[in-house]
Structures are given as C-alpha cells and as structure tokens.
Amino acid sequence: MIDLKDLRENPDRYRNGVRDKCMDVDVDRLLALDEARRAILARQETARAEQNRLSKEIGPRIGQLKGKLKGAAGEEKDRLEIEIATLEAKPAQLKAEVAEEERHMGAIEPEWRALWLQVPQPPSNDVPKGKGSADNIEIRRWAPKSWDFSKSFVQNRGFMPRNHLELVKLHGLVDFERGVKMAGTRHYVLTGLGLRLHQAVLRYAVDFMADRRGFTPMGVPVLVKEECMVGTGFFPAGREQAYHIEESKRGSGHDLFLTGTGEVGLMGLHADEILAAEQLPLKYCTVSTCFRREAGAAGRDTAGLYRIHQFDKVEQVVVCKADDAESRAWHKQMIETVEMILQSMGLAYRLLQCCTGDLGVKNEDMIDIESWMPGRGEGGEFGETHSASRLNDFQCRRLNLRYRDESGKMRFAYALNNTVAASPRILIPLLEMHQQEDGSVLVPEVLRPYMGGIAKIG
RNA sequence: GGUGGGGUGGCAGAGCGGUUGAAUGUACCGGUCUUGAAAACCGGCAGACCCGUCAGGGUCUCGAGGGUUCGAAUCCCUCCCCCACCGCCA
C-alpha cells in the first residue's frame, strides 16, 4: 500500500511506477476520488464539530427543561414543549447533513479503497526498465569447478543426461500417477528416498538459517484470514492464485485461505504492532507447505516437479528500519545466503536482475536466482528456484507494522524476503546435476547427515 | 459442540447516558536531588485522518458493525475474539 500523501505530492512517481511495471491501474482516478473524499470529509467534519459544540451548549438546557416538563401543566407545559422542540430542531438538521455526507462517502469509498490497494510500489530507480521476464538482466553466474557453462552436459560429464522425470522413476522417488489419482493434476507423492531427500534439503536450509545466519525459525499458520493475505500484499491481485476455504458458508467464522508462501505467516506475525527500534531487524525463517492454484498457467510445465500445487519451502524475511541503505544491505546478505547454500550443494546458478515489468505489486526490486537444470528444455535450461525482493514500506504499511525510531517518531518498517530452498523444485537440479552415468545420483555431502548418511541414490 | 465469564490506553484497572480520549497505578521519557544509582518529588506520555505556510484548529477510535438519543465507553441488536469448565479428539 502506498502513501497517499506522497501520491498527492508526487503523482508522476506512481503514474510512472504503474507504467514501468506494465500494470493497468488508474492513478488519476484514485487522485480524483481522493480529492472528492477529502472534500466530503471536510464538510462532514464541520457539521459534526457544530453538532458537538451545540450538544454541549444546549444539551444540559434540554435536560433541565425536560425535568421541569414533568411537573408542569397547562400553558406552562405547552411553553416548555415548544422551547424543547426549538432547541432540538437545530441538531436534527445537522444530523441530516452528516447523514447526507455519509451517503456520499459510501458512494465513493469502496472504489477509492480498492484502487488504493492496487497502486503498486514504484520500482527503485536503478531497476532496469522492461516488459517482462524476457527483459531481465543476468548479473552473474556460478558453477562448481566440475561444470563449464559453455559446454553441454555431454561435454562436461561424458554421457547423456536423464531428466528428473526419468531419474525419479528409476529410483522410485516420486509417484505422479497416484498423486493425480488422489488430488488431480499437478499433484504427486514423494516416496521413500524421494521424501527423505526433500526433507534433507529443508532441514539443511532451516539449520543453515538458524545456526549460520542467526535467523529465528518459526512455525506459522498456512491457513490464514483474508486480512493477512491483503496485508501481505498478495490480495487482491493474487486472489486467483490462492485456495479458498469457505468456512463462512458453514454458518459462522470467517473464510480462510491457504498461503502460497511462508512469507505470509512470517510477515503477518507483527501486523498492527508497534515495535521498538531495538527490536529491529527481525530475522525470521520458516518451513511451510505452500499451496498455489497456478491459475493461468494451464499447459505450462505440466510434467514433473517444476510447477505443482503443493510444495514445501524454507523462506526468509527481514523487517528492518525504514532505511534504503540498510534494506539494500539485507537484500545482498539474503542473496549471499542462498548462494552459499546452492554452492554447498554443488548446484550451478545465475542471478537475474528482474526488470520493472517482471516485478509484482509489492516490490521495488527483485533478484531471481535460477538454477541450471540439465534436463529442462533442449539441452538444459535455467529454472527459477529463488526470488529475493525488497519491498520498501509497501508491505508494512498494509500490515500496519510500525516502529518508533530513535526520535520517537512512528515509522513503517521496511521488509524483504527471499526463498531459502523450495522443494521439490530444487530436487530437479539436485538430481540432474548429480546424476552419474549409470543413473545413480550422488547426494551432496551437506545433505548426507539428513539422509541417514546415504551418499548415493541407486 | 455445551455452559459460564470477559473484551477500555504499553501493561494493570476504574468508569456504566452529558463537563471522559478516558480516573488511578505501573512502565516509559525529561528534569530536580545524588559522587553514581535507587528512592522521593516535578513535568511529559495514544493513534489515524482532515484543514492550515506557521501557530493552531477539527473529526474519528473504549473488540467489529448497526441502532436508540439533542448527546453513547456507558442502553439495545448482530457478529467476532479471548478465558474457564464440561464433552469429543490428532
């Protein structure tokens, strides 16, 4: 959610933001509604102020007269009744005025609010302009010593690779058929060592965050109220992506939504709170099951573990002071964390600076990390495995997550988030990169303690 | 699911139709005192929004929404949430 004051003062910043993010939000309509709203507010408040003033002034008098009225009769009684009626007439008129303005307000407020929620966080100035993922810019790439990006898999390794579909079948790691039988397309069952490898990655990632990066691991709800989805910025834009539990249809309570990322639960933690400056930065991670409808992705990545409705993800978030330099420093650090983890697992990857057109509503900057998947496409492709975002105060504004700075001033905090490890997607490069000619797969050393010491699958 | 009790400022806790955005305590901040600290004393201390160049003014908020009233934290209705006990249960 953006700052409306800033919008009034720098409308072009937001008009350009919408344009650069290739979105369709009528900023000028919002400005017009905002102006209308404030005019109504001014009239309404003036009437109310008068109402309050009058009430204080004549209220006790009315009380007095009504007291007298009880004991009065005849002409005296008529006189009192007229006096009371006269006194009561004016507040009644003001009341009608207030009600009238309230109707006006009711007519524009829903649209005003809906538009306000849609205006995106403008991208940072240094984010390159572009229309979509095709315009993202590669920053750098890394590969283990045994891998040369300029060569094919065969040239690197001396044999034809199997893709992850073949590998999981060969070793009985995933049962797609039964997953689909139970839950439909894009579902799967992790079986045997498949589940163990999956959990090994997740456990390794959580321990890495806690032990080596000082993040506090949290177990958070994955079933949350709508406010939580709106507050974290996933709604209204991403409403179609979330599974909706319609508890309200059962009579009572509120509807719930399955979260598509642990970010929701982690950021929702401190919604509506006022933190002390010393409490910042908050550094949280979680491992949670993520649910995504993948609406609009029909026909894309239909096979295998790449795009599925349910997966598990270790996510990291940082809530820091409202300071651009600090936020950038955390962004770097969070990306560095991921690089350390990927490198320790012997995976090749590249960093992409996402262009303006590829940013969502809530981020001002985003770096995607794509891991090399030898079995993807023709002769291997990079596939997104991580995404690191800087959100400025957009998310905390929506969540109403504030802190008191050193001077006692209330400020909205800045938030950042990044994937640590999302599985089973990460199993794709893991299996494909570490496969041997005979189809067996070497388990990276860092994962073996979490696999009961197993060093090789198959 | 049943029964009962509750939701008021950072926390505790009064208020139960007008002068209460809210007593009091406590926490916190500033000051006096002190070699320093504590204690004591004095002062300050809600947030959002609107108008205004400033000074300042105004509106709203006592779980949420609606109603009664000239006037609601206080009365009425609906909903939500919390707590306790019972039932059921991974």
Side-chain angles (χ1 to χ4, degrees), chain A residues 1-9 30-70 80-106 108-110 112-113 116-117 219 221-228 230-231 245-257 268 270-280 289 393 396-413:
Chain A
M1 181 152 63
I2 58 150
D3 182 359
L4 282 179
K5 266 190 213 133
D6 195 46
L7 173 70
R8 276 175 225 138
E9 283 159 24
L30 176 60
L31 280 165
L33 286 171
D34 183 59
E35 203 178 325
R37 199 186 82 94
R38 280 181 297 134
I40 293 168
L41 212 54
R43 286 196 297 274
Q44 197 181 33
E45 286 182 1
T46 307
R48 257 204 254 266
E50 179 64 8
Q51 204 178 16
N52 288 342
R53 196 188 60 75
L54 220 55
S55 161
K56 268 184 197 152
E57 194 179 287
I58 66 172
R61 175 85 186 128
I62 290 175
Q64 243 176 30
L65 292 172
K66 280 191 173 168
K68 275 192 197 165
L69 190 61
K70 276 181 197 155
L80 284 170
E81 274 174 351
I82 290 169
E83 194 174 348
I84 289 170
T86 315
L87 283 172
E88 284 183 354
K90 209 162 180 193
Q93 185 204 326
L94 285 167
K95 204 177 166 181
E97 258 175 61
V98 170
E100 173 71 11
E101 296 302 344
E102 213 145 81
R103 268 194 301 281
H104 291 153
M105 191 62 101
I108 65 164
E109 199 147 37
W112 171 78
R113 184 165 297 281
W116 187 13
L117 285 176
V222 294
L223 200 52
V224 301
K225 296 184 197 168
E226 182 163 10
E227 297 102 273
C228 211
V230 174
I245 315 291
E246 295 184 286
E247 279 299 290
S248 60
K249 283 196 172 164
R250 292 185 159 181
S252 74
H254 35 246
D255 283 4
L256 291 164
F257 296 86
H270 296 286
D272 294 317
E273 290 185 20
I274 299 165
L275 303 170
E278 307 86 74
Q279 287 176 266
L280 301 178
T289 304
D393 66 1
C396 291
R397 209 173 262 284
R398 285 201 184 209
L399 286 165
N400 195 26
L401 195 172
R402 294 169 296 172
Y403 72 98
R404 237 178 253 284
D405 70 13
E406 289 75 2
S407 64
K409 194 175 171 329
M410 205 74 92
R411 309 204 59 171
F412 289 107

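Please read all numbers here as calculations on a predicted model, not as lab measurements.
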Is there a side-chain contact between A/Glu273 and A/Leu399 in this structure, where contact means two heavy atoms from C-beta onward sitting under 4.5 Å apart? no
Between the protein and nucleotides 47-53 of chain B, which nitrogen or oxygen pairs are less than 3.5 angstrom apart?
from, atom 1, to, atom 2, distance (Å)
B/G47, OP1, A/Arg404, NH2, 3.2
B/G47, O3', A/Arg402, NH1, 3.2
B/C50, OP1, A/Arg8, NH1, 3.2
B/C50, OP1, A/Arg8, NH2, 2.8
B/C51, OP1, A/Arg38, NH1, 2.7

Crowded around A/Glu35 CD? As in, over 12 foreign heavy atoms under 6.0 Å? no
Separation between the P atoms of B/A22 and B/A37, rounded to whole Å: 34 Å
Test item: A/Trp112 and A/Leu30 side chains (from C-beta on) under 4.5 Å apart, heavy atoms: yes
Extract the stems that RNA chain B is part of, considering only consecutive pairing runs of at least three Watson-Crick or G-U wobble pairs, both distances under 3.5 Å. B:1-7 with B:80-86, B:10-12 with B:24-26, B:28-32 with B:40-44, B:46-51 with B:56-61, B:63-67 with B:75-79
Holding to salt bridge (charged side-chain N to carboxylate O under 4.0 Å, His left out), I want the full list of residues that pass it with A/Asp34, two or more places apart in sequence or in another chain. A/Arg8, A/Arg38
What pairs of nitrogen or oxygen atoms, one from the protein and one from nucleotides 27-29 of chain B, lie under 3.5 Å apart?
none

Mind checking the P distance from B/G57 to B/C62? Whole angstroms is fine. 23 Å
Not counting sequence neighbours, which residues clear salt bridge (charged side-chain N to carboxylate O under 4.0 Å, His left out) with A/Glu97? List them please. none
Please give, in whole Å, the distance from B/C79 P to A/Asp255 CG? 17 Å
With rounding to whole Å, what would you report as the distance between B/G44 and B/C82 at their P atoms? 39 Å
Taking the same atom, P, in B/U59 and in B/G21, what whole-Å distance lies between them? 11 Å
According to salt bridge (charged side-chain N to carboxylate O under 4.0 Å, His left out), who are the partners of A/Arg48, at least two apart in sequence or on a separate chain? A/Glu102
Hey, are the side chains of A/Met410 and A/Ile274 touching, using non-hydrogen atoms and a 4.5 Å cut-off? yes
Sequence-distant partners of A/Arg397, salt bridge (charged side-chain N to carboxylate O under 4.0 Å, His left out), two or more places apart: A/Asp3, A/Asp393
Tell me: CD of A/Glu50 to P of B/C70, nearest whole Å? 17 Å
Rounded distance in Å - CD (A/Glu273) to P (B/C11): 11 Å
So which heavy atom on A/Thr289 is nearest to which on A/Val222, and how close? O-CG1, 3.5 Å
Please write out the pairs of protein N or O atoms and N or O atoms of nucleotides 62-68 of chain B separated by less than 3.5 Å, giving the distance to one decimal.
none

What residues form a ring pair (Phe, Tyr, Trp, His ring centres under 6.0 Å) with A/Phe257, not counting sequence neighbours? A/Phe235, A/His244
I'd like the P distance from B/C70 over to B/C11, given in whole Å. 37 Å
A/Arg113: which residues meet the side chain to side chain contact (heavy atoms under 4.5 Å, CB included) condition with it, sequence neighbours left out? A/Glu109
Evaluate A/Leu41 against A/Met105 for side-chain contact (heavy atoms from CB on, under 4.5 Å), listing each step before the verdict. CA-CA 8 Å; A/Leu41 212 54; A/Met105 191 62 101; 3.4 Å; yes
For A/Ala32, which residues count as a side chain to side chain contact (heavy atoms under 4.5 Å, CB included) partner, sequence neighbours excluded? none
Looking only at atom C1', what distance separates B/G25 and B/C33, rounded to whole Å? 24 Å
Provide, to the nearest angstrom, the distance between the CD atom belonging to A/Gln51 and the P atom belonging to B/G71. 6 Å
Taking atom C1' in both B/G9 and B/A46, compute the distance separating them and give it to the nearest angstrom. 6 Å
Using atom C1' in both nucleotides, what's the gap between B/A27 and B/U69 to the nearest angstrom? 39 Å
Verify the contact: side-chain N or O of A/Asn52 to OP1 or OP2 of B/U59, cut-off strictly under 4.0 Å; return yes or no. yes
A/Leu223: which residues meet the side chain to side chain contact (heavy atoms under 4.5 Å, CB included) condition with it, sequence neighbours left out? A/Ile245, A/Leu256, A/Leu258
